[in-house]
> 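Pasting a structure here, questions to come.
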Amino acid sequence: MLSQMDEKRLASFLHHLTIARNHCAHHGRIWDRKMTVKMKLPKNPKNLASALNESKDVHGKLYNTLVMLNFLLSIVSPASQWRGKLITLLEESSVHASTASMGFPNEWKSLPFWAKS
């Protein structure tokens, strides 16, 4: 599946991820931040592309970063429980953090990409 992704788009994501990581490492908030270094959204594989939020209003927000992380983790560590932990964290902290402010689409949990595999 990773071979279907364009190298420039993967490099773009990794650069974006470096910036997000630096914000976290230096105790910056990223849940409501619009990143200035934006990744180029991949068109392939289709299951990944269908989960990304392509709206210009949310480009650079956290949701697409989380989609890409989930996608890559499912390849390098298929037994990872990160997806489930993320969903639980979002459900438990909904009072503190709005998924809309992170760029999540309204019905994101119903997307096949986020379903248990």
> Using every non-hydrogen atom in the two residues, find where R9 and L41 come nearest and quote the distance to one decimal.
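For R9 and L41, the tightest heavy-atom pair comes out as NH1-O, 2.8 Å.
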> Residues in salt bridge (Lys or Arg N to Asp or Glu O under 4.0 Å) with E7, at least two apart?
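Expected list: none.
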> Could you tell me how the ring of W114 sits relative to the ring of Y63: parallel (under 30°), tilted (30 to 60°) or perpendicular (over 60°)?
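Tilted.
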> If we ignore hydrogens and angles and just use 3.5 Å, is the side chain of S12 paired with the main-chain N or O of K8 as donor and acceptor?
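Not confirmed, S12 side chain does not pair with K8 backbone.
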> Examine distances only and state if a side-chain atom of T88 and a backbone atom of G84 form a donor-acceptor pair shorter than 3.5 Å.
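Yes, because the side chain of T88 sits within donor-acceptor range (under 3.5 Å) of the backbone of G84.
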> What's the shortest heavy-atom distance between L72 and F13, and which atoms?
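Answer, listing the atom of L72 first, then F13: CD1-CE2, 3.3 Å.
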> Output yes when a side-chain donor or acceptor of D6 lies under 3.5 Å from a complementary backbone atom of P42, and no otherwise.
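Judged by distance alone, no pair lies under 3.5 Å.
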> Indicate the atoms forming the closest heavy-atom contact of R29 with R33, along with that distance.
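Reported closest heavy-atom pair: O-NE, 3.1 Å.
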> Please name the pair of heavy atoms, one in K34 and one in K56, separated by the smallest distance, quoted to 0.1 Å.
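Looking at all heavy atoms of both residues, the shortest contact is NZ-O, 3.8 Å.
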> How many angstroms lie between atom CG of L62 and atom CG of D32, to the nearest 0.5 angstrom?
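Rounded to the nearest 0.5 Å, the CG-CG separation comes out at 9.5 Å.
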> Taking only residues two or more places apart in sequence or in another chain, which ones pass side-chain contact (heavy atoms from CB on, under 4.5 Å) with Q81?
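Only K85 meet the side-chain contact (heavy atoms from CB on, under 4.5 Å) criterion with Q81.
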> Can you name the nearest heavy-atom pair linking F104 to L90, along with the distance?
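That would be CZ-CD1, 3.6 Å.
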> Is it the case that the side chain of H59 and the backbone of M39 share a donor-acceptor pair, with hydrogens and angles ignored and the cut-off at 3.5 Å?
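Yes.
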> Can you measure from CD1 (I30) to CD1 (I19) and round to the nearest 0.5 angstrom?
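If we round to the nearest 0.5 Å, I30:CD1 and I19:CD1 are 12.0 Å apart.
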> If only atom types and distance count, is the side chain of K40 paired as donor or acceptor with the main-chain N or O of A11 below 3.5 Å?
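Flag not set: sc K40 to bb A11 has no pair under 3.5 Å.
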> Go through the steps for L17 and L69 under the test side-chain contact (heavy atoms from CB on, under 4.5 Å), then give the verdict.
CA-CA 9 Å; L17 185 59; L69 283 171; 3.8 Å; yes
